[in-house]
Amino acid sequence: MANWTLIGLLALCHTCLVAGYTKFPAGFTFGIATAAHQIEGAWNVSGKSENVWDRLSHTRPELIADGTNGDIACDSYHRYQEDVDELAYIGVDFYRFSLSWARILPTGRVDHVNPDGIRYYNDLLNALAEKNIEPLVTLFHWDLPQTLQDLGGWANPKMIDYFRDYSDLCFREFGDKIKSWITFNEPYEICEDAYGDIKKAPAIDSHGVGNYLCSDNLLKAHAEAYHLYNETYRPVQNGRIMISINSIWYEPADPNNAELVALAEVANQFKFGWFAHPIFTAEGGYPTAMVENVALQSAAEGLPKSRLEQFDDYWIQRIKGTSDFLGINHYTTFLITGAGVDPTAKDPSWLKDIGAVQTMEVGGDSASEWLRVVPTGFANLLRWCKSSYNDPPIYITENGFSDLPGTLEDYGRISYFNEYLSEILNVIYDDGVKVLGYTAWTLMDNFEWRAGFSERFGFYYVDITDPARPRTPKLSVEYFKQLIANRELPQDEIFKDPAKIRDEL
Ligand code: NOJ
C-alpha cells in the first residue's frame, strides 16, 4: 500500500514537472549549429589546404570509428542553399556555423588570402540574409591548418599572433554581415583532447604538459581577438563577441557526502573553470584549486616548476572580462565517486591532477558512450554559473542528442530537447538565471569527429552513401519548428510527455 502511495506521489510529481513552465520569455532566441569541417566537405577544392582533421583521418583512419573522413561530409560547400532552406523551414532566429581557417588562409597566415574562401562565406551569408536568419559565427571549431600544426599548433605561443591576424581578416571581410562572433568552440576539447590525448586531432598526447601549454596560448589568443574586435571593429560594426565553453557537469555521487561535494567542485573548476575562471571572475587567472593541485602533483613528480603556470598580472588583466556573454555547450553530467586517481588517468595528466574518481553510470543512454541524459544536471550547471561568474548573460551555444544512423522517428532526441529545455525554463523563472538563447546541435547528421558517421546528432538524416547527400527530415524537425513558432514547449500529445515518449521507445 505504502509503495503504491509513493508511486502515485511520484507520478503526480512527474506530471507537475512535465506540466511546469512551457513559455519562453520575450526576446529569447533559438538557433541551430554546425561546424565547417563536419559539414562542408570539399576538403581540397578551390584552394583550401589540409587541416589537422584531414591529416588525422587520412593518415590514421584506424582512429576514426568507421574509417570515414570529412572529405565530402554533407557537401555543404556545394549544397549550402539546401542547408539554408532547411533552416528557414524550421524557422530559426539564427544559424551558428564556423569558418574554415584553411579555406580562407591556406598557409594559415595572412600572406595569401584565398578568394574562393571569401566568396563561399559571402554566398552563405547572403543566402542567410535573404531568409532573415542571423549568423552566429565561430572563428575556430577545431580545424587548424596543418601548416600551423607543423609549427607546434596551440602549443606554440606564436599562435596568439596567427589567430589575431586570422580574426582581423574575418572581422574586416565579413563584419558588415556578422554581428555575433564566437572566438573558440570548446577550448577544453582543443587543449585536453587534442594536445593532452589522442581523442581529437592533431592527437599529440602530451598529457599533463601540452594541454596546459595550449590553454595558455588559447586564452591569450582569445583575449587578443576580443580586444581587437572591441577597440577596432565594435565601434563601427556594433556586434558582440564571446567564447563557447563546454561542460561535463560533475555531481557528487552522494550529495550528502561532504568530501564528494568538495571533489565535484574541484572537478568542475578543472573542467569548466579552466577556461571560464580567467575570463568571467573578478579575480581572473586559473582557478585556485587547479593551480594548487597541479603544483602539488608537479612537486611530487620532482619537477622544478608546476606544469601549469598561473598567468602573470599583465595577462590576468588582459584576459579578464573578454566575453560579452557566457557561451555554454552542454550535453551531459558525470558523477564523482571518490578521492584518488581515476583508473583511466595517464601519468601525468589533467585527469590525475584533479584527484577524483568519476563514472558515467548515470541517466539514460544515447548512441555516444559519453552522452548520458541527465536534465537536472543542466539546471545545476546553470545555477552554478550564475553564482560562480557574477550572474552573466548566457547563450546556450550547443545542446543535443545522438542516436544511430537512420533513426527518423527520433523520440529520444525530442524527449532530450524537451527535458533539457524544460530545465532552462526552470532556472530562468525560479532562479533568475539569465539564459537569453538556445542553440540545438545540429542541423543534419555530420562527421562526428572520431566517431565518424556512426553517431548521429542531426535534425535531418543524411545518406552518406549517396553522392547527392540527400537530407531527410526526422520527426524532431517538426518538434523544433513548433517550438520556435510558438516560443513554447510543443503541446502536441506526440511531443509533450517525455515519459510517454520513453515508453514508446
Ligand atoms: C560539441 C562539438 O562542438 C561538436 O563539434 C560535436 O559534434 C558535438 N559536441 C557532439 O559531440
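When a ligand or atom number is given, it counts from 1 through the structure's own listing order.
Aromatic pair Phe171/Trp181: centroids less than 6.0 angstrom apart. Under the 6.0 Å cut-off for aromatic ring centres, Phe417 and Phe401 do not qualify, their centroids lying 6.0 Å or more apart.
Of the residues listed (Phe275, Tyr195, Trp350, Trp142), the one engaging Tyr188 in a ring-ring contact (aromatic ring centres under 6.0 Å, His included) is Trp350, and it is the only one. Of the options Asp116, Asp54, Asp71, Asp143, a salt bridge (charged side-chain N to carboxylate O under 4.0 Å, His left out) to Lys48 is made by Asp54 and by none of the others.
A 6.0 Å sphere centred on NZ of Lys177 holds more than 12 heavy atoms belonging to other residues, nucleotides or ligands.
What sits closest to atom 8 (C) of ligand 1 on the protein, heavy atoms only, is Tyr331 OH, 3.3 Å. At the shortest separation from atom 2 (C) of ligand 1 among protein heavy atoms lies Glu398 OE1, 3.3 Å. Nearest protein heavy-atom neighbour of atom 11 (O) of ligand 1: Glu448 OE2, 2.5 Å.
Remark: distances from the non-hydrogen atoms of Phe447 to ligand 1 are all 4.0 Å or more.
Every atom of ligand 1 with a heavy atom of Trp370 under 4.0 Å away is listed here by number and element: 11 (O). Atoms of ligand 1 lying under 4.0 Å from any heavy atom of Glu186, numbered from 1 in the order shown and given with element: 1 (C), 2 (C), 3 (O). Using a 4.0 Å cut-off to heavy atoms of His141, the atoms of ligand 1 that qualify are 2 (C), 3 (O), 4 (C), 5 (O).
The proximity of Asn185 to ligand 1, defined as any non-hydrogen pair under 4.0 Å, is limited to the side chain.
Residues Arg471 and Asp445 are not paired through a salt bridge, judged by the lack of any N-O separation under 4.0 Å between the basic side chain and the carboxylate.
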